[in-house]
Amino acid sequence: ALEDQRLTLGREMEALAAAKGALEVEVEEYESRVNQLRGRDVTADERIASLRAPIFLTENLPETDHPREEAWLEEVESQIKSAGFTFHPRLIRAFHTSLKVADLAPLTVLAGISGTGKSELPRLYADVGGIPLLELPVQPSWDSPQDLFGFFNYTDGRLKAEPLSRLFRQVMDESDPLRRGPVMVLLDEMNLARVEYYFADLLSKLESRRGAKDAANKVARSRASITLDVGPGHDPIALFPDERILFVGTMNDDESTLTLSDKVLDRACLLTFPAPAKLDWTEQKRGFRRAKRLSWNAWSDWTRTPNSEGTTVKLNELNDTMRLVNRPFGHRLFRAIQAYIGAYPVAGESDAAWADQFAMKILPRLRGLECEDSTVAGALSRLESQV
């Protein structure tokens, strides 16, 4: 009797499984028909209307000018000081130079304890330097590129474009005045969420855009572009991360945040903000903005092509030493250091540029070494003499 019941139940389960499969197919068919009907109700323009909304209104954009780099940088430093904020000139110059080498290090990260001015520096730099700024406060819930760029809402048949995708589209428009100068994107407290989840894809695209500057190179530009799904029956929209867009991120060093992976750090310039040695009260005031925007032609002129045989020799010597402790570096870091030293804005300050790069690029690679080991100790001593 029990065997008969088992067989009967088995047949009933098979029948229910078959019915379930048929219902799932029917649901998919209905969903497909609903999407098709919805697609007829929403025009193509309505689908992507949110993407076409500009981030910066044309009438609010000042004209551009072409200042000398030294004079412009002195004005930035002076205006930041006049606003009541104290940043060492070396830190401002390091930040400036890091942005200039975005081709090889597409992300500048400002790290340190809370309250040391990590977010204020890019805001002030943009305001007094004449660079439009888009701030994106990172949320702990971010876990995919959709949090940066948006997604297609199948319920109402429309794209929900986030500010970054709108900025990409606006800068891609050859007729838009925004293209006449650089634009800064600030990812504030970027390590509140895991950076690799929401930013890794974009970071790879930023790295591959070097070979896609020529708009006629369709294959390279497609490879470097972010694609947005715009629903059934329509090709995805490709958004190219134009080199005019400069990316800055801030990160707090505390128990509430996540560390950055080596992949991110290897493609970034990391500036560490120390705790102030002395706390002073100063009257701080905001509101000054440069009357004219910095032009893209000026920014491009300031970006020099590195060509120093001496720097190459020194970097090879450093790499030989790093190899002794199994921490050698490759062409990416080699080229990034070369570019930074070549782009440093103050003539005769190559020592400062070298010190910056040693702190940003070399020291982080020494993490985790056992300094008591004789081989490591010997390599560090040799590294000290090279520095």
Side-chain angles (χ1 to χ4, degrees), residues 88 90-91 93-95 97-113 191 194-196 199-200 203-204 206-208 210 249 251 253 257-275 304-346 348-387:
H88 196 284
R90 277 279 304 280
L91 183 59
R93 293 166 193 171
F95 178 65
T97 310
S98 298
L99 294 175
K100 287 171 60 180
V101 297
D103 253 10
L104 293 160
L107 175 65
T108 298
V109 178
L110 311 180
I113 63 172
N191 62 330
R194 193 166 292 282
V195 178
E196 293 75 20
F199 194 74
L203 190 59
S204 298
L206 293 174
E207 191 174 23
S208 60
R210 288 199 301 271
M251 56 178 284
D253 291 334
T257 56
L258 303 162
T259 58
L260 298 185
S261 69
D262 288 340
K263 173 182 177 177
V264 176
L265 290 175
D266 202 35
R267 292 159 175 79
C269 286
L270 176 64
L271 281 69
T272 302
F273 283 52
R304 309 173 188 89
T305 302
N307 184 19
S308 172
E309 185 176 340
T311 303
T312 299
V313 171
K314 288 181 182 178
L315 284 173
N316 276 293
E317 291 173 353
L318 274 176
N319 208 19
D320 289 340
T321 303
M322 297 292 285
R323 198 172 282 112
L324 295 176
V325 290
N326 297 317
R327 301 295 170 86
F329 49 85
H331 282 96
R332 179 190 293 112
L333 189 142
F334 166 78
R335 291 172 64 84
I337 295 177
Q338 282 268 26
Y340 185 98
I341 293 171
Y344 201 74
V346 182
E349 289 288 338
S350 62
D351 285 350
W354 269 106
D356 289 348
Q357 286 301 280
F358 189 79
M360 291 182 200
K361 300 293 187 182
I362 303 299
L363 279 178
R365 302 182 77 85
L366 302 177
R367 289 177 303 177
L369 291 178
E370 294 291 340
C371 297
E372 293 79 9
D373 183 274
S374 59
T375 302
V376 173
L380 293 179
S381 177
R382 176 174 167 177
L383 195 62
E384 180 184 10
S385 67
Q386 290 172 332
V387 173

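Worth knowing before you read on, the calculation uses all heavy atoms, side chains too, and leaves out hydrogens, waters and symmetry mates.
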With rounding to the nearest 0.5 Å, note down the distance linking [atom1] in [X] to [atom2] in [Y].
X: Glu317; Y: Ser385; atom1: CD; atom2: OG; value: 9.5 Å
X: Leu206; Y: Phe199; atom1: CG; atom2: CZ; value: 5.5 Å
X: Gln357; Y: Lys314; atom1: CD; atom2: NZ; value: 13.5 Å
X: Leu324; Y: Leu380; atom1: CG; atom2: CG; value: 10.0 Å

Could you check if a side-chain atom of [X] sits within less than 4.5 angstrom of a side-chain atom of [Y], using non-hydrogen atoms only?
X: Thr311; Y: Tyr340; result: no
X: Leu271; Y: Leu91; result: yes
X: Ile337; Y: Met360; result: no
X: Gln338; Y: Thr312; result: yes

His331 vs Phe334 aromatic rings, parallel, tilted or perpendicular, using cut-offs 30° and 60°?
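Ring orientation, 0 to 90° scale: perpendicular.
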Not counting sequence neighbours, list each pair that qualifies as a salt bridge (Lys or Arg N to Asp or Glu O under 4.0 Å) and has a residue in residues 353-375.
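Output for this query lists Arg90-Asp356, Asp262-Arg367, Asp266-Arg365.
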Tell me the closest heavy-atom pair linking Asn319 and Phe329, and the distance in Å.
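Closest heavy-atom pair between Asn319 and Phe329: OD1-N, 2.9 Å.
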Return the minimal non-hydrogen interatomic distance between Val101 and Cys269, and the atom names on each side.
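Closest heavy-atom pair between Val101 and Cys269: CG2-SG, 4.1 Å.
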For [X], give me all partners under side chain to side chain contact (heavy atoms under 4.5 Å, CB included), at least two apart in sequence or on another chain.
X: Asp320; result: Arg323, Arg382
X: Ser204; result: Lys263
X: Leu369; result: Val325, Arg327, Leu366, Val376

Please enumerate all residues that pass side-chain hydrogen bond (donor to acceptor under 3.5 Å, both in side chains) together with Gln386, with sequence neighbours excluded.
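Listed in chain order: Thr321.
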Within the side chain of Thr97, is there an N or O that forms a donor-acceptor pair under 3.5 Å with the backbone of Arg93?
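Yes; judged by distance alone, with no hydrogens or angles, the pair exists.
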Could you walk me through whether Leu107 and Arg267 pass the side chain to side chain contact (heavy atoms under 4.5 Å, CB included) check?
CA-CA 7 Å; Leu107 175 65; Arg267 292 159 175 79; over 6 Å; no
Please name all residues satisfying ring-ring contact (aromatic ring centres under 6.0 Å, His included) with Phe95, sequence neighbours left out, ordered by chain then number.
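Phe95: ring-ring contact (aromatic ring centres under 6.0 Å, His included) contacts with Tyr125.
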